[in-house]
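Presented below is the structure to which this report refers.
Bear in mind the structure is a predicted one, so any value in this text is a computation, not a measurement.
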Amino acid sequence: MTDTLTVTVLGTGIMGAAMARNLLEAGHTVRAWNRTRAKADPLAADGAHVAGTPAEAVESADVVLTMLYDGPATLETMRAAAPALPRGAVWAQCTTSGIEDVAGLAAFAHDHGLRFYDAPVLGTRKPAEDGQLTVLAAGPAGGRDTVTPVFDAVGARTVWTGEDGAAASATRLKLVANSWVLAATAAAGETLALARALDVDPDAFFGLIAGGPLDMGYLHAKARLILEEQLSPAQFAVKTAAKDAALIVRAGERNGARLDVAAASARRLERAAAQGHGDEDMAAAYFASFGDGPASTT
């Protein structure tokens with residue numbers, strides 16, 4: 001299999017558009033589609049063919065890469081693409097979806113002769129733009145020669161979790177990883193909110209933990225976005241994080257684990273979105289600590 005491929009990217013939001021550009025940079029032919037076409041049109045200037053429908057986008061594709069909102073949105077889009085899907089093509093399903101959704105997506109792939117890879121990615125806007133995502137992947141060994149150049153173009157590392165995409169082993173690992181990301185984000189926001197409420201200079205807290213086991217780069221990164229009011233453009237949006245938090249809570253419930261912190265994080269993110277912060281970085285969950293309306297960090 002040649003390393004130069006025709007790759008269809010379905011979903012060109014924050015992550016999908018960056019992935020499409022890195023695929024173009026790697027020399028692949030890219031066909032792109034997005035429900036809101038205005039989000040896909042800028043890719044034409046980079047050399048992508050922007051299609052009007054999912055079916056048009058998947059014509060002649062060696063690899064179809066989906067980066068949509070959730071599992072149901074992905075299945076709906078693939079059903080729209082079905083008349084033109086090339087049998088034998090690889091489908092790299094990169095959307096963060098529910099565990100139970102993956103089996104349905106894999107069944108669709110089987111029915112349409114596609115080689116299915118459960119392949120969510122770990123990372124946000126900047127790693128996506130830099131081609132530094134971590135790809136968590138599960139799928140048949142027989143198609144990896146085709147899909148590996150795609151993963152190499154969008155990511156710095158691929159972690160293989162199994163050979164059966166339908167088992168959702170990659171999605172399971174992604175939800176575990178995201179549970180930590182969301183918990184750390186919520187903790188950072190609440191710590192700053194308490195500091196504000198108690199009239200404590202955040203720098204006094206950062207100095208207290210500096211260089212010790214409680215210090216972490218992620219805390220400083222998210223705190224900086226809040227304190228410097230740099231929440232837009234989002235690295236990872238509040239409304240998308242709320243969706244992922246709900247998936248994590250549901251996965252825990254269905255598998256015998258009560259996840260109180262994840263449930264609370266989901267509520268905080270939903271509250272921040274209701275306050276008008278839905279399109280801002282997920283660090284904006286900080287504002288959920290202050291009343292029902294938008295709040296300033298000052």
Side-chain angles (χ1 to χ4, degrees), residues 13-15 18 69-70 95-98 120-130 132-134 136 171-197 200 202-203 205-206 208-210 212-252 257-291 294-297:
I14 291 173
M15 302 293 285
Y69 181 70
D70 60 11
T95 302
T96 301
S97 65
V121 297
L122 195 62
T124 55
R125 177 192 290 268
K126 188 63 164 60
E129 291 174 346
D130 294 344
Q132 294 294 303
L133 295 168
T134 297
L136 312 177
T171 286
R172 292 168 192 266
L173 180 56
K174 173 64 186 293
L175 293 179
V176 170
N178 268 15
S179 72
W180 169 243
V181 170
L182 292 171
T185 301
E190 285 202 348
T191 297
L192 291 181
L194 182 61
R196 171 183 164 184
V200 171
D203 285 336
F205 165 65
F206 297 139
L208 180 65
I209 66 171
L214 297 179
D215 203 359
M216 58 187 293
Y218 188 82
L219 165 65
H220 293 279
K222 289 303 179 187
R224 184 173 63 253
L225 296 181
I226 296 167
L227 295 172
E228 297 179 4
E229 299 186 354
Q230 295 180 347
L231 295 164
S232 293
Q235 290 293 314
F236 190 69
V238 164
K239 61 187 179 184
T240 307
K243 180 265 295 185
D244 284 5
L247 291 176
I248 290 163
V249 172
R250 188 172 70 195
R258 176 173 170 171
L259 304 176
D260 295 327
V261 172
S265 294
R267 291 192 296 271
R268 284 179 60 79
L269 288 158
E270 290 163 2
R271 193 158 68 249
Q275 292 172 343
H277 300 286
D279 292 325
E280 295 176 354
D281 189 84
M282 60 181 171
Y286 161 87
F287 295 111
S289 289
F290 303 102
S296 171
T297 55

Next item on the list: Indicate yes or no: at least one non-hydrogen side-chain atom of L227 is less than 4.5 angstrom from one of P202.
Entry: yes
Notebook entry, point to check: How long is the gap from OG1 on T95 to CE on M15, to the nearest 0.5 Å?
Noted result: 10.5 Å
Check: If you take all heavy atoms of D215 and A210, which pair is closest and at what distance?
Finding: OD2-CA, 3.3 Å
Next item on the list: Please confirm whether the backbone N or O of K126 pairs with a side-chain atom of Q235, one donor and one acceptor, at under 3.5 Å?
Entry: yes
Next item on the list: Any chance you could measure L269, atom CG, to L182, atom CG, to the nearest 0.5 Å?
Entry: 6.5 Å
Notebook entry, point to check: Quick one: does NZ or CZ of R196 land under 6.0 Å from the six-membered ring centre of F290, within 45 degrees of the ring axis?
Noted result: yes
Notebook entry, point to check: For the residue pair A283 and I226, what are the closest heavy atoms and their distance?
Noted result: O-CD1, 3.5 Å
Note to self: Distance check, rounded to the nearest 0.5 Å: T171 atom OG1 versus N178 atom CG?
What the structure shows: 10.5 Å
Next item on the list: Hey, could you give me the CD1/CD distance between I14 and E129, rounded to the nearest 0.5 Å?
Entry: 9.0 Å
Notebook entry, point to check: Can V238 and F287 be said to form a side chain to side chain contact (heavy atoms under 4.5 Å, CB included), step by step?
Noted result: CA-CA 11 Å; V238 164; F287 295 111; over 6 Å; no
Note to self: Show the nearest heavy-atom pair for residues A177 and L122, with the distance to one decimal.
What the structure shows: CB-CD1, 3.9 Å
Notebook entry, point to check: If you measure from NZ on K243 to CD1 on I248, what distance do you get to the nearest 0.5 Å?
Noted result: 9.5 Å
Check: For the residue pair A234 and R125, what are the closest heavy atoms and their distance?
Finding: O-NE, 2.8 Å
Notebook entry, point to check: Can you tell me if R268 uses its side chain to pair, donor with acceptor, with the backbone of A288 under 3.5 Å?
Noted result: no
Check: Do the side-chain N and O atoms of T96 and K174 include a donor-acceptor pair separated by under 3.5 angstrom?
Finding: yes
Checklist line | Closest approach of A223 to F206 (non-hydrogen atoms, all atoms of both residues) | finding: CB-CZ, 3.6 Å
Next item on the list: Could you tell me whether a side-chain N or O of D281 sits under 3.5 Å from a main-chain N or O of F236, the two making a donor and an acceptor?
Entry: yes
Check: Hey, mind stepping through F205 and L194 against side chain to side chain contact (heavy atoms under 4.5 Å, CB included) and telling me if it holds?
Finding: CA-CA 11 Å; F205 165 65; L194 182 61; over 6 Å; no
Check: Can you tell me how far the OG atom of S265 sits from the CG atom of D244, to the nearest 0.5 Å?
Finding: 12.0 Å
Checklist line | Residue pair E280 / S232: nearest heavy atoms and the distance that separates them | finding: CG-OG, 3.6 Å
